[in-house]
Amino acid sequence: MKTSKFHLVTNRETPADAEIVSHQLMLRSGMIRKLTAGIYSWTPLGWRVLKKVENIVREEMDRAGYLEMLMPAVQPAELWRETGRWEDFGSQLLKIRDRAGRDFVFGPTHEEVITDLARNELRSYKQLPVTFYQIQTKFRDEIRPRFGVMRAREFLMKDAYSFHIDAASLDKTYWEMYEVYSRIFTRAGLKFRAVHADPGAIGGSASHEFHVLAESGEDQIVFSTGSDFAANIELVEALPPEQERPGPSTDLTLVATPDAHTIEELVKQFDVPVEKTVKTLVVEAAEGSGASFVALLVRGDHTLNEFKAAKLEQVANPLRFATEEEIREAIGAGPGSLGPVKLDIPCIADSSVAVMSDFTAGANTEDKHYFGINWVRDVPMPAVADLRNVVEGDPSPDGEGELRLARGIEVGHIFQLGTKYSEAMNAVVLGQDGKSHVMLMGCYGIGVSRIVAAAIEQNHDDRGICWPEPIAPFQVAILPMNAKKSHRVREAAEKLYTELTEAGVEVLYDDRNVRPGVMFNDMELIGIPHRIVIGERGLDKGLLEYRQRTAPENEDIPLQGALENILDRLGG
RNA sequence: CGGGGCGUGGCGCAGUCUGGUAGCGCACUGCAAUGGGGUUGCAGUGGUCGGAGGUUCGAAUCCUCUCGCCCCGACCA
C-alpha cells in the first residue's frame, strides 16, 4: 500500500476528551472516529488491526473444531422474557420497538438466540458435544461509556456456546477452550493471565477471566509466587492471621480529634501507625436480620472487599453503604468518628482486626476517638469474617507462596453455564437411555475490539503505538529520503516495495512528498513494527537502514539481498 | 440516575462577565524555497458560534426551553 492511495490522517494534538493512552493514540493515528457516545467507526487503518485480531480468533476457534455461524443482532423480546432477562438484564439492555409496536432488543449477548436454535436443531445426544461461535457486533447501553473502544456501547465480540449431554463433557470443552484462549492471546503477542473469576452472576460452576496485563487496567488481579494460583481480587480469600491477639499494654483513652475524620488525618496528626487503626464502614443490613445497619471493621491500611461483604448473611445484597444522614441517625455521630466501642448496631470484624490490640478507632461521638482499644477488656469480640481485599505479600490461599497484585484488562471470559438457559428454555435432547435430558451449556466470550485497545495499553511508547507484529496494520514501512529529487532513491524504494509486496508482505510505502520528520513521526505513531529507510547516503555504500519499532538504533543492511534479509526479520 | 463542566471550521482553543455582526494555532489548498526527525515564506479554502424560541435597532455574547458531549460519583469515613 502506498500512503498516497491510503487514507492516512494523523493528528498531532491529543483530543481533549481522550483519557487513556490507547484512546488517545487510536484517535491520533486515525484508527477510529467517534460517531456518538460509545459508538465508533473504524477507519481503514483501524479496521486492518481489528481484522487481524478477528482472524486470529477465528483461525484458532476453527482449528479447535468449533463451528462459526452468524446470529441476528436484533432479537424478539419474547426470548428474553422466557429467561427473565427482559427485566433482569437491567438498563444496559437496548430495547427497540418495531413499526407494529412489538418489542425487540439489540443483542448484548446471544444465550437466548443460541439456546432457541439449539432446542430446535439438537435432538439427540449423538449430535453432542457441539460448539457454535460467531464474531458479531454487540450493544450494551453502558451507564458510562468511556476510554474509547475499551468500554464502548457498540463493540465487536466473539461469543461461543457449547452444548453437552453431561457435566464431564462440558468440563472437557471448557478446559479445551481455556487452551484455545491461551493460544489466541499468545498468538496476538499479548502478555496475559488467566484468573479465577466469579461465576455467580451468570450461574454455573467454573469461570475464568483472561486479562491483558497493563498498568491502566480496570481490574485488580492476584497471583501467587509459589503456585499457579491466580484470581480476580474479588474472589481471593485473605487467610486469617496466624499470630494470637497480644494482650493489652495501654489504657483506653478518649481523645478529642476535631480535625481527624479520615484514617489518613488520624495517622498524620496523632502519629499512630496505620496498622493500629480501625475503620468502620456502615452498610445496610440484610432484610429480616433484625437490624437496619451493620458495621464492618477493617484495619486502617486495608480496603473492604465489597464482594465478600455482600455475601455475608447479615448484610444486604447488593451491598449498599449507609448515607451520612442514616449514619447520624443510627449512631449519633458522623462518618469519621465511628468505632466498635459503645456501638449499638451489629458489628462484624475482619479477621485481621480480631487480632489487633491497643488500637485506635472512632468513639461514636463527634470529633472523638478512642486510643488503646482492646477486645474483651473494652468491648466484646464481635463476629469475625473475611472482609478485606488481599494485599501484596499476603499468603496465597492455597498455602503456596505469597500473593502479588497486577492490573489487567479483561479481554476474555469463559463460563460453565450448566442448565441455566437450557432449563428455562427447555432445550433437551434424547440420551442414550431414551430419556429427555436438559443440555448443559458453556459460554465463552472474547472482546475483539477491546483487544485492540488493550494491546495499545500494553505496547506503546512516547512516540506512539508499538504493535505486536501479528496484529500490526502493516508489517513494514518504507521511507524514501528526498525521493522527489533522487531517482536512485525512488527506484530503490519502488523495487523493494514491489518485491516485498510480491512476497506477500504488508508494506506501507510512504510516497508522500513530505519532510522525513513527518514520515518518521507518522510511521512511529501508527506503530509499524519494521522500518526501512532508503536514502542517497546509504545507497552510495550499497546499504539500507533497518529499524525495529522498539529498537534504540538503526541497523545497516546490504542492498544486495535486502529482500531475504528483511523477510528473515519478519515474524520475529 | 445524582453532582459538576463544556458545545465557536477536521483537531486544540480565545472571544461570552461588560451585545456592535467571528479570531488564533494545527490541519487542508496553491506557489516557491528547503530536503535524514512534525522546515520556511507568500497567497488561500472552510464556521447559519449545538438547536428552537424570546429580549434588542443589533445576539456567539442577555433570557427561556431543548439536544448533545465530557468528567466525577456509595472506593473506604
Side-chain angles (χ1 to χ4, degrees), chain A residues 8-20 23-24 27-28 30 33-39 43 90-91 141 143-148 218 220 233 257 260-267 274 277-284 293 295-307 309-310 316 318-328 331 333-339 350 361-362 364 366-367 369 387-389 463-464 479-486 489 510 512-525 531 533-539 544-545 547 554:
Chain A
L8 185 66
V9 183
T10 57
N11 225 167
R12 201 184 311 206
E13 278 161 288
T14 302
D17 54 4
E19 281 205 288
I20 59 170
H23 189 197
Q24 293 171 352
L27 289 170
R28 283 189 53 206
R33 297 296 179 212
K34 182 169 81 174
L35 181 64
T36 183
I39 301 183
T43 65
S91 56
D141 202 355
I143 305 165
R144 189 139 94 83
R146 54 184 141 172
F147 306 149
E218 286 194 278
Q220 187 86 66
I233 196 165
T257 54
H261 293 281
T262 66
I263 293 289
E264 205 183 329
E265 289 164 352
L266 194 65
V267 166
V274 70
T277 62
V278 164
K279 58 188 169 196
T280 306
L281 287 353
V282 180
V283 300
E284 189 177 14
F293 297 103
L296 305 176
L297 306 181
V298 203
R299 220 169 72 182
D301 55 333
H302 287 155
T303 58
L304 180 71
N305 182 315
E306 298 187 15
F307 203 77
L319 191 74
R320 189 182 70 82
F321 280 86
T323 63
E324 184 164 346
E325 296 77 62
E326 286 171 335
I327 291 172
R328 289 189 187 282
I331 299 171
S337 303
L338 304 181
D350 180 64
N364 303 319
E366 205 61 31
D367 300 336
H369 277 76
L387 292 178
R388 69 179 175 95
N389 284 315
R463 294 173 174 281
L479 277 56
M481 296 294 106
N482 198 13
K484 191 183 179 190
K485 293 256 175 77
S486 170
V489 166
D510 202 343
R512 295 175 296 179
N513 181 25
V514 294
R515 310 270 303 191
V518 176
M519 292 185 188
F520 289 130
N521 282 311
D522 276 349
M523 295 303 137
E524 282 162 350
L525 175 62
R531 180 181 84 192
V533 174
I534 302 177
E536 290 269 3
R537 266 173 10 198
L539 290 179
L544 303 177
E545 284 164 42
R547 181 135 155 197
N554 286 337

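Below, chains carry the letters A, B, ... as their sequence lines are ordered, and counting in each starts from 1. Values below: all heavy atoms of this structure, side chains included; hydrogens, waters and symmetry mates excluded. Being a predicted model, the structure only gives us computed values, none of them experimental.
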inquiry  = Checking A:T257 now: which residues fulfil side-chain contact (heavy atoms from CB on, under 4.5 Å) with it, not counting sequence neighbours?
reply    = A:V255, A:A260, A:L266, A:F270, A:H369, A:F371
ask   = With rounding to whole Å, what would you report as the distance between B:U56 and B:G30 at their C1' atoms?
value = 44 Å
Using atom names, set out every protein N or O paired with an N or O of nucleotides 25-32 of chain B below 3.5 Å, distance rounded to 0.1 Å.
residue	atom	partner	partner atom	Å
B:G25	N2	A:E13	OE1	2.9
B:G25	N2	A:E13	OE2	3.4
B:C26	O3'	A:R12	NH2	3.3
B:A27	OP1	A:R12	NH2	3.0

message = For a quick check, tell me whether the side chain of A:E545 and the base of B:G36 share a donor-acceptor pair closer than 3.5 Å.
response = yes
Contacts of type side-chain contact (heavy atoms from CB on, under 4.5 Å), residue A:E366, not counting sequence neighbours = A:H261, A:R328, A:A333, A:S337
query = Hey, is A:F321 doing a stacking thing with B:A74, by the 5.5 Å centroid and 30° angle criteria?
reply = no
inquiry  = Work out how far the C1' atom of B:A74 is from that of B:G3, and round it to whole angstrom.
reply    = 14 Å
key: Pairwise P distance for B:C62 and B:U16, with rounding to whole Å   = 9 Å
note = Walking RNA chain B from its 5' end, the first of A:R28 and A:T303 to be reached, judged by nearest nucleotide, is A:R28
request  = Apply side-chain contact (heavy atoms from CB on, under 4.5 Å) to A:R463 and list each qualifying residue two or more places apart in sequence or on a separate chain.
outcome  = A:D461, A:N521, A:E524, A:R549
ask   = Taking atom types as modelled, is there a side-chain donor on A:R547 or A:N554 under 3.5 Å from an acceptor on the other?
value = yes
key: Partners passing salt bridge (Lys or Arg N to Asp or Glu O under 4.0 Å) against A:R299 (at least two apart in sequence or in another chain)   = A:D301
ask   = side-chain hydrogen bond (donor to acceptor under 3.5 Å, both in side chains) with A:E19: which residues, sequence neighbours excluded?
value = none
ask   = So, A:Q24 and A:T14: side-chain donor and acceptor under 3.5 Å apart, yes or no?
value = no
task = Provide the distance between the two C1' atoms, one in B:U21 and one in B:A60, to the nearest whole Å.
result = 10 Å
query = Between the base of B:G38 and the side chain of A:R512, is there a donor-acceptor distance below 3.5 Å?
reply = no
Integer angstrom distance from the C1' of B:U45 to that of B:C31 = 15 Å
Intermediate values then yes/no, side chain to side chain contact (heavy atoms under 4.5 Å, CB included), A:V283 and A:F293 = CA-CA 6 Å; A:V283 300; A:F293 297 103; over 6 Å; no
ask   = How would you label the contact of A:R531 with the nucleic acid (heavy atoms, under 4.0 Å): base, sugar-phosphate, or nothing?
value = base
ask   = Rounded to the nearest Å, what distance is computed from the CG atom of residue A:D350 to the C1' atom of nucleotide B:C76?
value = 13 Å
query = Within the structure shown, what part of the strands sits under 4.0 Å from A:L281 by heavy-atom distance: base, sugar-phosphate, or nothing?
reply = base
note = Across every strand shown, the nucleotide meeting Watson-Crick or G-U wobble geometry with B:G58 (both distances under 3.5 Å) is none
key: Footprint string (nucleotides 67-73 of chain B, 5' to 3'): B base within contact, S backbone only, - free, heavy atoms under 4.0 Å   = -SSSSB-
inquiry  = Would you measure the distance from the C1' atom in B:C65 across to the matching atom in B:U55 and give it in whole Å?
reply    = 15 Å
Earlier contact from the 5' end, RNA chain B, for A:A322 and A:G538 = A:G538
query = Between B:A74, B:G38, B:G12, which nucleotide has the shortest distance from any of its atoms to the side chain of A:P15?
reply = B:G12
Pairing residues for A:E284 by the side-chain hydrogen bond (donor to acceptor under 3.5 Å, both in side chains) criterion, not counting sequence neighbours = A:R320
query = Roughly how far apart, to the nearest Å, are B:G5 and B:C42 at atom C1'?
reply = 42 Å
message = Run the side-chain contact (heavy atoms from CB on, under 4.5 Å) test against A:T10 and tell me which residues pass, sequence neighbours left out.
response = A:L8, A:D522, A:L525, A:I526
request  = Remember a base hit wins even if backbone is also touched, and classify A:R299 as base, sugar-phosphate or nothing at under 4.0 Å, heavy atoms.
outcome  = nothing
message = Taking B:U39 as the reference, what is the distance to B:A52 when you measure between their C1' atoms (whole Å, please)?
response = 48 Å
